Amino acid sequence: MSGNLDGARAKDFAAPRGIPDYYPPTSADFRRVRDTMTQAARLAGYGHIELPIFEDTALFARGVGESTDVVSKEMYTFTDRGDRSVTLRPEGTAGVVRAVIQHGLDRGALPIKLCYAGPFFRYEKPQAGRYRQLQQVGVEAIGVDDPALDAEVIAIADEGYRRLGLTGFRLEITSLGDDASRGPYREALQEFLFGLDLDEPTRHRAQINPLRVLDDKRPEIKAATADAPLFIDYLSDDARAHFDTVLTHLKRLGVPYEINPRLVRGLDYYTKTTFEFVHDGLGAQSGIGGGGRYDGLMRLLGAKQDLSGIGFGIGVDRTMLAMEVEGVAHADTARCRVFGVPLGAEAKAELVDVAGRLRAAGISVDLAYGDRGLKGAMKAADRSGARLALVLGDRELAERRIEVKDLSTGEQHEVALDELVSEITRLLG
Ligand code: HAM
């Protein structure tokens, strides 16, 4: 037997499988992705919405679709102490639409534009870029069915990725039609699928939700459905016009796209514009974000009036991996801008005061804690990523002066303690 007899071993408390921790320096990229994406949304007038992490299971079963993998295989569902079935949210759109209906937001100005960020949960097989707790930034614009709004949503994501320094991604886009397109396409697809030699569950799926068969990950099904009819060939005149207008807007906005008529999304609610951002440096888990329009979701979730919506979900984890691949990660890993190095107890007391004054002026400061001597403290200063080190010994303290060292150039000069805050502010620009 190994380890502590009356205690647990550290590995007993490892994070659950497939759930990443983010800590410095990588966590700076996490924040950068989240902040950059939400800022891009804010610039287009999206307000923040904070949603519950778990909701009634039926919300997701209905909203996302019973026959999707997300609902049928991947939900974290449990019964709470009040005997209700609840589920850790696997995605954000159903919750946003639920909140819009519940709080009557659809009776106010339209479209309702909302942005959210946080963790989502899917019991998938963990691998690189596929986690059981995944992080998304999402937006939803609900209440106006205007192709210009589809283009806006897509452009927000595109702008966000570019601001992060990414260039190696592609936008794939297609249309899944409107109500009028659905019947004829469903018929054509079913006729094709019923002509195939399918196993019983797949045949059943073809009967109730034929589009889902095209999302089957098994290679033999993928091969058998390679020549299936395409939705884009069955668009009604209205759906076609909507799609063409979205593409025209994207061209004018300078957002490059590729039409991929075989694009299949893992959620049932999509109609009309449907898209995915793909990064080719990521291997199998290449989708860094995706979304689309949903016409019937409000009605499905109990609203009296059915309003069309459009949105996206950006995968924060995969976007971070893409930044790593492109060499644009870790751009901002400095913990602080100024680092204090005290040489003695009195100097330390003085530097604690100085740090307080600098922080009050909005300048980030850390100190060498513990008694590690000049060499160890200067090493800590370098590691912190600070621009300036403040070195204070007994002699300087007696003269009420402090040594300021620029850690990138090595230049140093003495400054009167009384003038330190204004001098540091000046030096940091
Ligand atoms: P989704 O495509 O299921 O869409 O997820 C959006 C993004 O989340 C994916 O493109 C991917 O980057 C990331 N993601 C999904 N699953 C995982 C995972 N297991 N590990 C790591 N990253 C993952 C939605 O969730 C829709 N709610 C998006 C939307 C909003 N559509 C309309 N409005």
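Each ligand, and each atom within it, is numbered from 1 in the order the structure gives. What you are looking at is a predicted structure, and each value in this text was computed from that prediction instead of being measured.
A heavy-atom separation below 4.0 Å is not found between Phe277 and ligand 1. For Gly289, the closest heavy-atom approach to ligand 1 falls below 4.0 Å. Between Phe120 and ligand 1 there is no heavy-atom distance shorter than 4.0 Å.
Residue Glu140 has at least one heavy-atom neighbour below 4.0 Å for each of these atoms of ligand 1: 30 (C), 32 (C), 33 (N). Interface atoms of ligand 1 facing Gly290, defined by a heavy-atom separation under 4.0 Å, are 10 (O), 28 (C), 29 (C). Which parts of ligand 1 touch Glu91 is read off a 4.0 Å heavy-atom cut-off, strictly below it: atoms 25 (O), 26 (C), 27 (N). Atoms of ligand 1 lying under 4.0 Å from at least one heavy atom of Arg130, given by number and element, are 19 (N), 20 (N).
Note on Asp366 versus Arg335: salt bridge recorded, some NZ/NE/NH1/NH2 to OD/OE distance being below 4.0 Å. Classification of Asp145 and Lys272 as a salt-bridged pair holds, one side-chain N sitting under 4.0 Å from a carboxylate O. A salt bridge links Lys217 to Asp215: at least one charged side-chain nitrogen sits closer than 4.0 Å to a carboxylate oxygen.
Taking distance alone, with nitrogen or oxygen atoms compared against 3.5 Å, Ile314 stays at or beyond that limit from ligand 1. Considering both main-chain and side-chain atoms, Glu124 comes within under 3.5 Å of ligand 1 through a nitrogen or oxygen pair.
Of the possible polar contacts, none joining the Tyr234 side chain to the Arg186 backbone as a donor-acceptor pair under 3.5 Å is found.
The structure places CD of Glu258 at 8.0 Å from CG of Asn260, a figure rounded to the nearest 0.5 Å.
Judged by distance alone, the side chains of Ser181 and Asp178 do bring a donor and an acceptor atom under 3.5 Å apart. For the residue pair Thr93/Tyr294, the side-chain donor-acceptor check at 3.5 Å is not satisfied.
For atom 20 (N) of ligand 1, the nearest protein heavy atom (residue, atom name, distance) is Tyr131 N, 2.9 Å. Regarding atom 16 (N) of ligand 1, its nearest protein heavy-atom neighbour is Arg122 NH1, 3.4 Å. When only non-hydrogen protein atoms are considered, atom 32 (C) of ligand 1 lies nearest to Gly311 O, 3.3 Å. If you check which protein heavy atom lies closest to atom 21 (C) of ligand 1, you get Gly129 O, 3.3 Å. The nearest heavy-atom contact from the protein to atom 1 (P) of ligand 1 is Arg265 NH2, 3.6 Å. Nearest non-hydrogen protein atom to atom 9 (C) of ligand 1 is Gly287 O, 4.0 Å. Of all protein heavy atoms, the one closest to atom 7 (C) of ligand 1 is Gly313 O, 3.6 Å. If you check which protein heavy atom lies closest to atom 31 (N) of ligand 1, you get Tyr270 OH, 2.6 Å.
Applying the 6.0 Å contact sphere to CG of Asp197 captures no more than 12 heavy atoms from other residues, nucleotides or ligands.
Here the shortest heavy-atom pairing between Gln135 and Asp317 reads N-OD1, 2.7 Å.
Ring-plane geometry between Tyr161 and Phe169 is classed as tilted, the angle between the planes lying from 30 to 60 degrees on a 0 to 90 degree scale.
At a heavy-atom distance under 4.0 Å, no atom of Phe121 approaches ligand 1. Heavy atoms of Gln136 found under 4.0 angstrom from ligand 1 belong exclusively to the side chain. Counting heavy atoms closer than 4.0 Å to ligand 1, residue Ile288 contributes backbone atoms (N, CA, C, O) but none from C-beta onward.
Partner Val33 forms a side-chain contact (heavy atoms from CB on, under 4.5 Å) with one of Ile288, Val137, Val316, Leu166 and no other, that one being Val316.
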